[in-house]
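Have a look at the structure below before the remarks.
Computed from a predicted structure; not experimentally measured.
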Amino acid sequence: MPKGKGPQGKRITLKIAKNSIRVAFNGRRRIVLCKMGITTFPKCLLELADVEEIDLSRNFLRKIPPIIEKFQNLLWLDLHSNMIDELPPAIGTLQNLTYLNLCNNRLTTPGLPQELTLLKGLRTLNLGLNRLETVPTTLGSLKELIELGLFDNALTSIPKSIKKLPKLERLNIKRNPLPEFEEKEEEVDLVKRVESLYLVEQKDLCGSCLHTCKGEREELHKLEEMTPGPSGKPSFASLVTPNSSARDNQEEWRIK
């Protein structure tokens, strides 16, 4: 069996970790080790504990070790699409963290430590696609949260403390067995809306568009004759409704 492969997953060396560092336009350094087949948190990253961002998404991590507390400069941590079933209490020591993505793991409610609420500067928290049956009411203490993802779990209720977060702009609770949410989804599905309706004069249409629109209008007239409607409707004889036939910029298809 080749060294570094097999049941223990891919072995990440310090050299590999250093080569994975990307520097963003704002000067932040990000370790990008996504889709590497990693099964355990690489201890060699301790040599790079002063980085601001870490991407370990799309691997096979089951646990995040307590040594995560060594990364005190972390602002951004992406762990989505792993096999994590619980977080260590040490996660609460990352006081500078503003972004935490735990989407698509195996987290249950007991797997969320109370120390998670110590991340007072957190602005984005993604817990979607996990196995949460309830949301800790203590998450309502994360007053800086702007985005919170709770979609695709087993939630039957959302705590009032979450709904009342002062800065929360985006709360994604889709595909949970929430009674009030299911009613809203059904109501929206019954409504069919036309996104755009264009009204233009015939002289502004090219020959092809005019022919298409006239054909559609004739079909509408046939339907109107078959279905009686209320009288007294206003008529716009010189206007047509090209809908998808028209483009946003009329100058592109206007007859020169």
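- Side chain of Asn172 to backbone of Gly149: no donor-acceptor contact under 3.5 angstrom is found.
- The two residues Leu165 and Gly140 have their closest heavy-atom pair at CD2-O, 3.2 Å.
- In this structure, Lys63 places its NZ atom where more than 12 heavy-atom neighbours from other residues, nucleotides or ligands lie under 6.0 Å away.
- Note on Leu112 and Met83: separate hydrophobic clusters, where clusters join Ile, Leu, Val, Met, Phe, Trp and Tyr whose side-chain heavy atoms are under 4.5 Å apart, directly or indirectly.
- Sorted by first and then second residue, the pairs that involve residues 145-157 and meet salt bridge (charged side-chain N to carboxylate O under 4.0 Å, His left out), not counting sequence neighbours, are Glu147-Arg170, Asp152-Arg175.
- With contacts defined as side-chain heavy-atom distances shorter than 4.5 Å, the pair Leu97/Leu75 does not qualify.
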Does the salt bridge (Lys or Arg N to Asp or Glu O under 4.0 Å) test come out yes or no for Lys120 and Glu144, once each step is laid out? CA-CA 7 Å; Lys120 300 301 184 181; Glu144 296 298 317; over 6 Å; no
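- At most 12 non-hydrogen atoms from other residues, nucleotides or ligands lie less than 6.0 angstrom from CD of Glu133.
- Residues Leu77 and Ile21 share a single hydrophobic cluster, defined by chaining ILVMFWY side chains whose heavy atoms lie under 4.5 Å apart.
- Partners of Ser20 according to the side chain to side chain donor-acceptor pair (under 3.5 Å) rule, which considers only residues two or more places apart in sequence or in another chain, do not exist here.
- Across Leu94 and Leu119, no two heavy atoms sit closer than the pair O-CD2, 3.2 Å.
- Shown here are the ring pair (Phe, Tyr, Trp, His ring centres under 6.0 Å) partners of Tyr99, two or more places apart in sequence or in another chain: Trp76.
- Pro89 is linked by a side-chain contact (heavy atoms from CB on, under 4.5 Å) to Glu115, counting only residues two or more places apart in sequence or in another chain.
- Applying the ring pair (Phe, Tyr, Trp, His ring centres under 6.0 Å) test to every pair with at least one member in residues 100-137, sequence neighbours left out, gives no pairs at all.
- With hydrogens and angles ignored, the 3.5 Å screen pairs no side-chain donor or acceptor of Thr137 with any backbone N or O of Pro159.
- The backbone N or O of Thr134 lies less than 3.5 Å from a partner atom in the side chain of Thr109, making a donor-acceptor pair.
- Residue pairs meeting the ring pair (Phe, Tyr, Trp, His ring centres under 6.0 Å) criterion with at least one partner in residues 131-174, sequence neighbours excluded, do not occur; the list is empty.
- Two different hydrophobic clusters hold Val32 and Val51 under the rule that ILVMFWY side chains link at heavy-atom gaps under 4.5 Å.
- Residues forming a side-chain contact (heavy atoms from CB on, under 4.5 Å) with Lys35 (at least two apart in sequence, or on another chain): Arg58.
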Given the rule in the side-chain contact (heavy atoms from CB on, under 4.5 Å) test, do Ile16 and Met36 qualify, once you have shown the distances and angles that lead to the verdict? CA-CA 11 Å; Ile16 293 176; Met36 298 287 286; 4.2 Å; yes
Show every donor-acceptor pair shorter than 3.5 Å between a side-chain atom in residues 123-131 and any protein atom, with sequence neighbours excluded, or say none if there are none.
residue: Asn126; atom: OD1; partner: Gly128; partner atom: N; Å: 3.0
residue: Asn130; atom: OD1; partner: Asn105; partner atom: N; Å: 3.2
residue: Asn130; atom: OD1; partner: Arg106; partner atom: N; Å: 3.3
residue: Asn130; atom: OD1; partner: Leu107; partner atom: N; Å: 3.0
residue: Asn130; atom: ND2; partner: Leu102; partner atom: O; Å: 3.0
residue: Asn130; atom: ND2; partner: Leu127; partner atom: O; Å: 3.1
residue: Asn130; atom: ND2; partner: Gly128; partner atom: O; Å: 3.0

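- Between Pro65 and Phe41, the shortest heavy-atom contact is CD-CB, 3.4 Å.
- The side-chain contact (heavy atoms from CB on, under 4.5 Å) search around Pro110 returns Thr108, not counting sequence neighbours.
- The CD1 atom of Ile64 sits 4.5 Å away from atom CG of Leu79, with the distance rounded to the nearest 0.5 Å.
- For Thr117, there are no side chain to side chain donor-acceptor pair (under 3.5 Å) partners at least two apart in sequence or on another chain.
- A salt bridge is absent between Asp55 and Arg22: the closest approach of a Lys/Arg side-chain nitrogen to an acidic carboxylate oxygen does not fall below 4.0 angstrom.
- A search for side chain to side chain donor-acceptor pair (under 3.5 Å) contacts involving Asn82 returns nothing, not counting sequence neighbours.
- With sequence neighbours excluded, the residues forming a side chain to side chain donor-acceptor pair (under 3.5 Å) with Glu53 are Arg28, Arg30, listed by chain and number.
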